[in-house]
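Order of the sequence lines fixes the chain letters, A, B, ..., with proteins taken first and strands second; residue numbering starts at 1 for each chain.
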Amino acid sequence: MPRREVDPRQELPALELEVLERWRERDVFAESLRAREAAEQWVFYEGPPTANGPPGTHHVLSRVFKDIYPRFQTMRGYRVERKGGWDCHGLPVEIAVEQQLGISSKAEIEEKIGIEAFNAACRESVFAYVSEWNRLTERIGFWLDLEHAYRTLDESYMESVWWALSEIAKRGLLYEGHKVVPYCPRCETTLSSHEVALGYEDVVDPSIYLKLQVSGGEERLLVWTTTPWTLPGNVAVAVSPGATYARVRVAEEVFLLAEDRVGPLLGEGSEILERLTGSELVERYRSYRGPIFAASDREDGELPILADAFVTTQDGTGIVHLAPAFGEDDYRVAAAAPNVPFDPTRADTLYNPVRPDGTYDGRVLSSEGRSYEGRFVKDPALTEELIADLRGRGLVLEVQEYEHSYPHCWRCGTPLLYYAKPSWYIATSKLREEMLAANETVNWYPPHVKHGRFGDWLKNNVDWALSRERYWGTPLPVWRCPRGHVHVVGSFAELAERSGIELEDHHRPYVDGAGFPCPHTDEPGGEPCGEPAKRVPEVIDVWFDSGSMPFAQHHFPFENEETFRERFPADFICEAQDQTRGWFYSLLAIATLLSWPAPYKNVVCLGLILDEQGQKMSKSKGNAVEPWPVLDTYGADALRWYFFTSKQPWDGYRFSAEAIGEGVRLFLKQLWSTYYFYVLYAQASAEELREASTDSQGNGRPGGAAEDLDRWALSRTAATAELVGERLDAYDATSAGRAIAGLVDELSNWYVRRSRRRFWEGDPAAFATLRTCLLTVAKLLAPFCPFVADEIYDNLDGSRASVHLCDFPRAAEVAPRDDELEGAMELARETVRLGLGARGQAKIKVRQPLGEAVVVADGREREGIERLADVVREELNVRRVRFVAAAEELGSYEIKPNYRTLGPIFGKEMPRAAEAVAALDPAHVAAALRDGSVIGIAVAGRDHTLSAEDVILTMRAPDGYSVEREGAHAVALDLAIDEDLLREGRAREIVHAIQSSRKTAGLQVEDRIELALSGDVSLLEAVTEHRDSIARETLATALHIANDADGAAATLDYSEQTDVEGLVLSISLRRTQPGPA
RNA sequence: GGGCGAUUAGCUCAGUUGGUUAGAGCGCUUCUCUGAUAAGGAAGAGGUCCCUGGUUCGAGUCCAGGAUCGCCCA
C-alpha cells in the first residue's frame, strides 16, 4: 500500500528539496557505498574543476553525466567510490588575485606584495566559490564525496606530483630546452599548447610586403610578414625549395617571388622574365642585404637565403623572413643552417632584442638612430612607426590589412608572442607510440574522437612544455648548482634530509629557501660536487597536477598503495570535448611516462552548450544561462532529463528552456499522473487489496497477472529493463532514457487507459501489475532522475531507505517476457488505430456503438488480434469483431515486389523482375500463397519461385465502405445503426452528461448519488432500457425516471438542464454517501 | 591552410547491414475522447533528406568534390 497521498499538481522542485532532506536524514549516499563495500570496484575519476568562480550550466551538464553512470553501476552491484577533487593552482587563480589586489605584473607581485602574501591570497581565493559548487552539486543530485575531496594544493598531493616528476627525470625524459614558445608578455609566462588552444581570436593585422635587395644584383626579394615587430630579429629569409619562383619586372624594378603569387600581387603591369625553383634561387642569389632594422650591436652585412619545405606559396609571396627568437619554424630552420650565425647550443648566439615584458631592449634603432627601447612590440602606434621607417627606406612594396586567427592569452586576452625561452620540457614525443598504443585500449564516446581529434593530437605530439614562470603552483622540484648540475627531488623527506629544513608548506616562497650541497657525481662512486644547489624558480603546469590525480589523490606511492592499485585505471571519466588536449591528454601522458597502462577505459566527451539562438555562451555577451533559475523553475530531474534525452550529448546542445518544460510535461508529469492514479485508487480500494493475495505486497511479482493486458504491461516493462541496462552499459543514456519514456507512455496511454474499470473495481491483479511496472520504472529511472524516482519508490515500496539502494532491474526478475503477446498487442493497437480512422472518416462518434468491425487478418496475425479481441471491441465500441482471412470480402489486393529479398537475386534484372511480379494477378497470388501452391516468375531465362516474403500484398479499399487500411491490414465498420444501437448510444451520451453534472456539482469520483432524470421521452426510453448500467457508471444508488423534471428535482441538491443530441435532459442529483461503501 | 564533426518538416531530433510512400515530439488546422493526466486519439497542412557528380537494378544511407555551421590545430 502506498503510504502517502499524492498531489496531482505536485511542483517538482519542491518535491526534490524534500527528497534531498530525506537523503540527508537517511544518509543514503554513504549507505549506497556501504552496501557495496565488499563488491568489485567500478572506478570513476572526477576531473577537478577550479572553484574560484561560480559553476555554470555547462558544469551541470558534465556533472549530471558524471552522476548517471556511477549511480547505474552502483545499482548494478559495483562499488563506485566518487572522490571529489579541486584543481587549485594555476594562472586563473593568480589572475583573479591580481585583480583583487589591483596589480597586473610579476614585478608588482614580487616587489609590492611579496610571493608569500600573494600565494596566501591565492590559497584563500581558490575556494571562494567552493560552497556554491557544493550547493549546486548537491542540488542537481550529483553524488560525490565532497568531504574527502582531493585538492591539488595539499602537501600530500604535491609530494606525489614531485615523485612522478622525479620518476620521469630518472627515465631521462625531463630536460631544459631553449625553444620558441607561445608566451604572454603580460603574464610573463609561457603557455602550453592546450592553453594556447583556448585563446584563438580573429584579428586584423598589417600584412607587409617588403622588398629586400639581393646581395649581388638589383633584384629585390618580395618578403611577406604579418608581424613587423619581429623584423629586428631577422637573420635570414627562406623560400620553398620545390616551388617555382619568378623574376618579374614591374616598371623599373625586378622582383623575386613565387610564381603563384605574381598574379594576385602584382597583377597586369608585370612581366615574368624568368622562372626558377626555390633551390635554384638560393643557389644563384645566396644572400640579401641586412639587417632589416639597424641595431647597436649588429653590423650591416649579408644575410643568407635559405630553403625549407615549411614555406608555402599559398599566401604572401612564397618568401618569408626568419627570426629564430620569434618563430618555431624560424628557430628550427635557422638552427639547422650552417651559414646563419646562430648556434642552438649557445643561448647567447640567439638574437633576441625583445625583453620578457614584450618591449624592445635598447639595441633596436630607427633609421635616424633613435632607440625603440621600452616600446611594447604589439602596440599599434609602434607598428605604424616601424612601417613608416621601412617605407622611408624604400623597402615597402605594399601594406594591407590581414584578417586571421591569432592566439591570445586565455586569461588576460593579450596577444601572445612566439618567443624563444629557456623552459623545462618532458620529452613526450619519445613516447608517442606508447601513447598511441594506450589509446587503442580506450573506448571513446563518441567513437570518432579516438582516431580523430584525440588520436590525431597524439600522432602530432610535441614535447610537453612543463614549466611556468609563476608563483601559485606546485614548485618544479628541480635544484641546480652553479656548475649546472641538475637534481630532481622526489619526496619531501629527501628535501628535508638534504637541506636540513623541514617545511610545513612546500609552496613558494618557502621551498625556494631550501638549498643543499649538489649531490652530483661526475663518475659513479666519485666525490659529490657539493656546490650549493638552488631550486629553479618555475612552477609546474597545472595540467600536470590534474593529470596526476589517479595516484596523487591517494598520496601514492607514499601511502595507500592498495587503494591506488584497486582504483587504477578508471572505468569511466567524462568531461567536455575541450579536455581532449587538456585533462584527457595529461592523464594519458603521465600514465604512459610512468609506464602504466591507459588510465581510463571509457571516456564520454560532451559537446558545447549554445544559447537559444545557437550562439556560444559567454560572460561578455551576457547570454550565459544560469543554472539556479532553471533548477528553481523546472527542477533538477527536469534539467537532467533534458541533458540525457534531448540528444546525443557529444553533439552539443542548443539550450532551450522550452524543451525542458516539454520534458516535464510529456514525461515527468505523465509518469507522475500515472503514479497519482495508482495511489488514488489503491487507497480507495485499500480494503479489497488487503484481502487479496499477499503477493502484491511482496517482491513485486504479482500472484496472478489476470489478463493478457497485465502480462503485456509486465512483458513490456521487462523488455525495457533489459534495453535500458544494455544502453547504459554502452554509455548511451539518450536511447536508454527514451526507452523509459516510451514505456511510461505505453503504461499511461494504453495499460491504464484500458484497465481503468478494473482499478475502479479494485481488481488486485491490476494493482499488482501497475505497482510492479511503476516500481520497475522508478528503478530504471533512478540514475536519470534520482529525485522523482526515489519519491515513487519510497511511497510504493520503501522497504529500503531509497531506490538508490536497490539493484537495477534485470528483465528476468521483473516478469516473464512474452514476445508473441507484445506483437499481438502491437497489432491490436494498429487495428484500433485503423478502426478509429474508419470512424473518423464516417464521422461517427466513438460513443455511438456500432454493430460490427470487420478485420482483415490471417494466420498468426489473426490469432494475435483474436486473443485481444475484447480490447479491440471496447476501444472501437462495436458489438462484434469479425475476421476475414482474405481481402476479397472488403476489396481487392494490390501486389508489389519486395525489393529487399528480390533485389539480391535478380540484381541488374530487378526492374524486369518487378514488372513480372506486377503483371501477376494479385488475388491468384494471394490464394496460391495461402494454399501453399507454387507461383513462379521467369526473368532473363531464370526461374524463381516466389515465397510469401518476395511479394507485398496490400489491400485496395472498395468505394462506398468505411475502410482504413495499412499494408496487409484493414478494418471496415458496419455503419448501420438500428434502434437498439441508437438507444445504447444515447445511454452513453446520458452517462457522459451525468458525469459532467457530477463534476459541476463538485462531487468526488467515489461519491454515491441519488439521481433523477427527466426530459425528452426518447431519451428516457434509452434510460429505462440501460437503467442498470447508467446507475452503475454514475454510482447512483437510486435512479428516478420521470417526465416531470420539476418533480424529480424537488428533493435533490443539484439540478441542471442540458441537451443530448438536441433533446432536452434534466439531471438532478444528491450525494448520498461519500466514498466507496 | 589542415583535422574532426554536423547539415533530414516552422522548431527539437530519430532514421538499423543501401530496398522504392523518409518518421517522432512540439507548434498549426479540423474533429474527437476523457470518473488520473497542463494528457490522449483521428485526419490534415508542412520535406529539393545542403549542393553537384559518381558507384548501384536501387542512395537520406556508400564514394568524390563543393557550400554552410561548429570545434580543434596551424
Side-chain angles (χ1 to χ4, degrees), chain A residues 6 8-9 193-194 196-198 200 310 312 314-315 328-329 404-405 407 446 448-449 451-457 459-460 576-578 580-581 607-608 610 612 614 616 645-648 650-654 656 658-659 661-667 669-681 734-735 738 741-742 745 748-750 752-753 756-757 759-760 832-841 843-847 875 877 896-904 906-914 952 964 991-992 994-996 998-999 1003-1007 1033-1035:
Chain A
V6 175
R9 306 209 184 285
S193 46
H194 22 270
V196 175
L198 297 170
Y200 274 88
F310 92 92
T312 76
Q314 275 163 355
D315 46 20
E328 206 176 336
D329 287 316
H404 62 149
S405 181
H448 61 75
V449 176
H451 294 124
R453 193 167 287 199
F454 193 69
D456 217 47
W457 164 255
K459 250 188 247 166
N460 299 316
Q577 247 173 31
D578 54 8
T580 36
R581 285 155 172 83
L608 237 74
L610 306 176
E612 310 224 5
K616 196 172 168 175
T645 61
S646 72
K647 57 193 309 192
Q648 295 291 345
W650 31 85
D651 290 339
Y653 295 81
R654 187 150 161 181
S656 159
E658 207 179 316
E662 193 176 298
V664 172
R665 229 171 63 241
L666 292 177
F667 174 67
K669 282 288 181 184
Q670 186 180 41
L671 170 63
W672 189 261
S673 90
T674 307
Y675 159 66
Y676 164 72
F677 174 88
Y678 172 84
V679 172
L680 179 68
Y681 285 99
T734 311
S735 306
R738 288 174 179 177
D745 187 66
S748 170
N749 286 324
W750 192 244
V752 170
R753 172 185 154 86
R756 270 187 292 230
R757 185 168 299 274
F759 287 98
W760 307 337
V832 168
R833 233 183 46 235
L834 293 172
L836 290 174
R839 262 187 185 274
Q841 226 175 49
K843 295 211 183 299
I844 297 177
K845 289 181 171 187
V846 180
R847 267 199 297 267
E875 278 291 313
N877 193 17
K896 278 174 146 186
N898 183 358
Y899 283 86
R900 195 186 272 270
T901 60
L902 295 178
F906 289 101
K908 259 197 266 278
E909 300 300 328
M910 190 57 213
R912 294 178 59 195
I952 298 166
E964 278 294 306
V991 168
H992 181 56
I994 298 167
Q995 304 293 22
S996 305
R998 285 184 57 119
K999 259 191 193 168
L1003 298 185
Q1004 299 296 308
V1005 292
E1006 60 272 27
D1007 289 340
E1033 292 293 307
T1034 60
L1035 299 181

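- B:U48 and B:G60 have their C1' atoms separated by 12 Å, given to the nearest Å.
- To the nearest 0.5 Å, atoms OH (A:Tyr675) and NZ (A:Lys669) are separated by 12.5 Å.
- Here the two rings, on A:Phe454 and A:Trp457, have centers that are 6.0 Å apart or farther.
- One interatomic measurement links the two molecules: CZ of A:Arg9 to P of B:A36, which rounds to 13 Å at whole-angstrom precision.
- Within the structure, every side-chain polar atom (N or O) of A:Lys669 is placed at least 4.0 Å from both OP1 and OP2 of B:A38.
- As rounded to whole Å, 10 Å separates atom P of B:G15 from atom CG of A:Asp651.
- Map A:Gln577 and A:Glu1033 each onto its nearest nucleotide of RNA chain B; the residue landing nearer the 5' end is A:Glu1033.
- Between B:C26, B:G35, B:U12, one nucleotide has an atom nearer to the side chain of A:Gln995 than all others, and that is B:G35.
- Closest to the A:Asn749 side chain, of the nucleotides B:G19, B:U37, B:C4, is B:U37.
- In this entry the distance linking CG of A:Leu671 with P of B:A36 reads 17 Å, nearest Å.
- A:Ser656 comes within 4.0 angstrom of no nucleic acid atom, judged by non-hydrogen atoms across all strands.
- For A:Ser673, the listed nucleotide lying nearest its side chain is B:A36; candidates were B:G35, B:A36, B:G5.
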- Task: Convert the base pairs of RNA chain B into dot-bracket notation, remembering that pairs crossing earlier ones are written with [ ] and that bases paired across to another strand are shown as |; include only Watson-Crick or G-U pairs under 3.5 Å.
- Result: (((((((..((((.....[...)))).(((((.......))))).....(((((..]....)))))))))))).

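- The OH atom of A:Tyr678 sits 19 Å away from the P atom of B:U37 (whole-angstrom rounding).
- Which of B:G35, B:G5, B:A39 sits closest to the side chain of A:Gln670 comes down to B:A39.
- Nearer to the 5' terminus of RNA chain B, by closest-nucleotide assignment, is the contact made by A:Tyr676 (compared with the other of A:Thr580 and A:Tyr676).
- At least one donor-acceptor pair under 3.5 Å links the side chain of A:Arg998 to the backbone N or O of A:Thr1034.
- Using a 4.5 Å heavy-atom cutoff, the side chains of A:His448 and A:His451 are not in contact.
- The side chain of A:Leu608 approaches B:C71 more closely than any other nucleotide in the set B:C4, B:A38, B:C71.
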Please list, pair by pair, any protein nitrogen or oxygen found under 3.5 Å from a nitrogen or oxygen in nucleotides 27-33 of chain B.
none

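- A salt bridge does not link A:Arg665 with A:Glu658: every distance from a Lys NZ or Arg NE/NH1/NH2 to an Asp or Glu carboxylate oxygen is 4.0 Å or more.
- With hydrogens and angles ignored, the 3.5 Å screen pairs no side-chain donor or acceptor of A:Ser748 with any backbone N or O of A:Asp745.
- A donor-acceptor contact shorter than 3.5 Å is absent between the side chain of A:Arg847 and the backbone of A:Asn877.
- When every heavy atom of A:Lys647 is checked against every heavy atom of A:Gly652, the shortest pair comes out as NZ-O, 2.8 Å.
- For the C1' atoms, the distance linking B:U56 with B:U17 amounts to 16 Å, nearest Å.
- Atom CZ of A:Phe667 and atom P of B:C26 are 15 Å apart (whole Å).
- Here the closest non-hydrogen pair linking A:Glu1033 and A:Gln995 is O-NE2, 3.1 Å.
- Atom-to-atom, NZ of A:Lys647 to P of B:A14 comes out at 7 Å; the value is rounded to the nearest Å.
- Distance noted for atom C1' between B:G2 and B:A9: 36 Å (whole Å).
- Separating the C1' atom of B:C28 from that of B:G58 is a span of 36 Å, rounded to the nearest Å.
- For the pair A:Lys459 NZ and B:G2 P, the computed distance is 17 Å after rounding to whole Å.
- Taking atom P in both B:G1 and B:G66, the straight-line distance is 11 Å, to the nearest Å.
- In this structure, A:His451 atom NE2 and B:C4 atom P are separated by 13 Å, rounded to whole Å.
- With C1' as the reference atom, B:U12 and B:G18 are 27 Å apart, rounded to whole Å.
- Side-chain N/O atoms of A:Ser748 and base N/O atoms of B:A36 include a donor-acceptor pair closer than 3.5 Å.
- An OP1 or OP2 oxygen of B:C4 is reached within less than 4.0 angstrom by no side-chain nitrogen or oxygen of A:Arg453.
- Between the side chain of A:Arg581 and the base of B:C72, no donor-acceptor pair of N or O atoms lies under 3.5 Å.
- In this structure, the ring pair (Phe, Tyr, Trp, His ring centres under 6.0 Å) partners of A:Phe677, at least two apart in sequence or on a different chain, are A:Tyr681, A:Phe759.
- The separation of B:A64 from B:A24, taken at their C1' atoms, amounts to 33 Å, rounded to a whole angstrom.
- A donor-acceptor pair under 3.5 Å is absent between the side-chain atoms of A:Ser673 and the main chain of A:Tyr676, judged by distance alone.
- B:G35 and B:G27: their P atoms are spaced 23 Å apart (whole Å).
- Here the nucleotide nearest the side chain of A:Phe677, chosen from B:A36, B:C26, B:C13, is B:A36.
- Other residues, nucleotides and ligands contribute at most 12 non-hydrogen atoms within 6.0 Å of the CD atom of A:Glu328.
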